[in-house]
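Residue numbers run from 1 in the order of the sequence given.
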Amino acid sequence: MSISKSVIALALCFLLSTESVFSKVEKCYQCDSATDVDCALNRKQEKFIFNCKDTPTGEGFFNLNENIADVEFLCVKAIITKSFFGNKTLKMLVHGCGTKDTCNEKPDPKTGITLVECNTCTSDLCNSS
């Protein structure tokens with residue numbers, strides 16, 4: 001009987017762990033340090049909570065070119081650089097909603113944005129660090 005209880009306990013642990021992996025992200029912190037210093041200092045604020053389904057297609061630092069209704073979102077924390085004319089570069093901390101491909105984005109010569117570091121997570125508001 002103790003073996004069957006152990007098997008049940010292991011199965012429950014597995015189910016609980018896979019639930020967090022496959023959970024749907026609905027809200028992430030969304031901000032960038034270039035426009036609001038609080039993004040770098042204190043991003044756990046109501047003003048930065050963003051509903052991922054409200055992300056405009058093709059806009060923002062993490063361009064979403066898919067149909068929003070079909071997107072499985074992740075929360076993203078990234079460091080990017082933006083190049084300007086005259087060899088000026090701005091380094092920014094960016095938080096927002098993204099997809100599984102967000103951290104694979106290549107440098108964009110049109111915008112001057114390069115992804116330096118990128119991390120994703122799979123639960124609501126998990127990108128606060």
**OP:** Kindly say whether V76 contributes a backbone atom to a donor-acceptor pair with the side chain of N127 at under 3.5 angstrom?
**Re:** yes

Subject >> Stepwise side-chain contact (heavy atoms from CB on, under 4.5 Å) check, C103 with T120 >> reply: CA-CA 8 Å; C103 287; T120 61; 3.6 Å; yes

**OP:** Could you tell me whether the SG atom of C126 lies less than 2.5 angstrom from the SG atom of C75?
**Re:** no

Subject >> Chi angles and distances behind the side-chain contact (heavy atoms from CB on, under 4.5 Å) call for D36, K47 >> reply: CA-CA 11 Å; D36 193 329; K47 69 179 180 176; 3.0 Å; yes

Subject >> L90 reachable from I113 in the ILVMFWY side-chain graph, under 4.5 Å edges >> reply: yes

Subject >> Considering all heavy atoms, the nearest L115-T102 contact >> reply: CD2-O, 3.7 Å

Original post:
Under 4.5 Å between side-chain heavy atoms, hopping through other hydrophobics if needed: is there a path connecting L93 to V116?
Top reply: yes

Subject >> Exam field: side chain D101 to backbone N104, donor-acceptor pair closer than 3.5 Å >> reply: no

Subject >> Close side-chain approach of E26 to C52, heavy-atom, < 4.5 Å >> reply: no

Original post:
When rounded to the nearest 0.5 angstrom, what is the spacing between SG in C118 and CD1 in I80?
Top reply: 10.0 Å

Subject >> K91 side, atom NZ; T114 side, atom OG1 - distance, nearest 0.5 Å >> reply: 12.0 Å

Original post:
Checking side-chain contact (heavy atoms from CB on, under 4.5 Å) against F50, which of C28, C31, C97 comes through?
Top reply: C97

Original post:
To the nearest 0.5 Å, what is the distance between OG (S128) and CZ (R43)?
Top reply: 7.0 Å

Subject >> D38 and Q45: CA distance, side-chain angles, deciding distance, side-chain contact (heavy atoms from CB on, under 4.5 Å) verdict >> reply: CA-CA 9 Å; D38 278 344; Q45 296 182 50; 3.3 Å; yes

Subject >> Over all atoms of both residues, closest heavy-atom pair of S33 and M92 >> reply: OG-CA, 3.5 Å

Original post:
Would you say K82's side chain and T111's backbone share a donor-acceptor pair under 3.5 angstrom?
Top reply: yes

Original post:
Just by distance, do the side chain of K24 and the backbone of E72 share a donor-acceptor pair under 3.5 Å?
Top reply: no

Original post:
Is there a donor-acceptor pair closer than 3.5 Å between any side-chain N or O of N51 and the backbone N or O of K27?
Top reply: no

**OP:** Could you list who else is in L125's hydrophobic cluster, with ILVMFWY side chains joined at under 4.5 Å, directly or through other members?
**Re:** Y29, F48, I49

**OP:** Over all heavy atoms of both residues, which pair between D32 and V94 is shortest? Give the atoms and the distance, please.
**Re:** CB-CG2, 4.0 Å

Subject >> K77 and H95, any side-chain heavy atoms less than 4.5 Å apart >> reply: yes

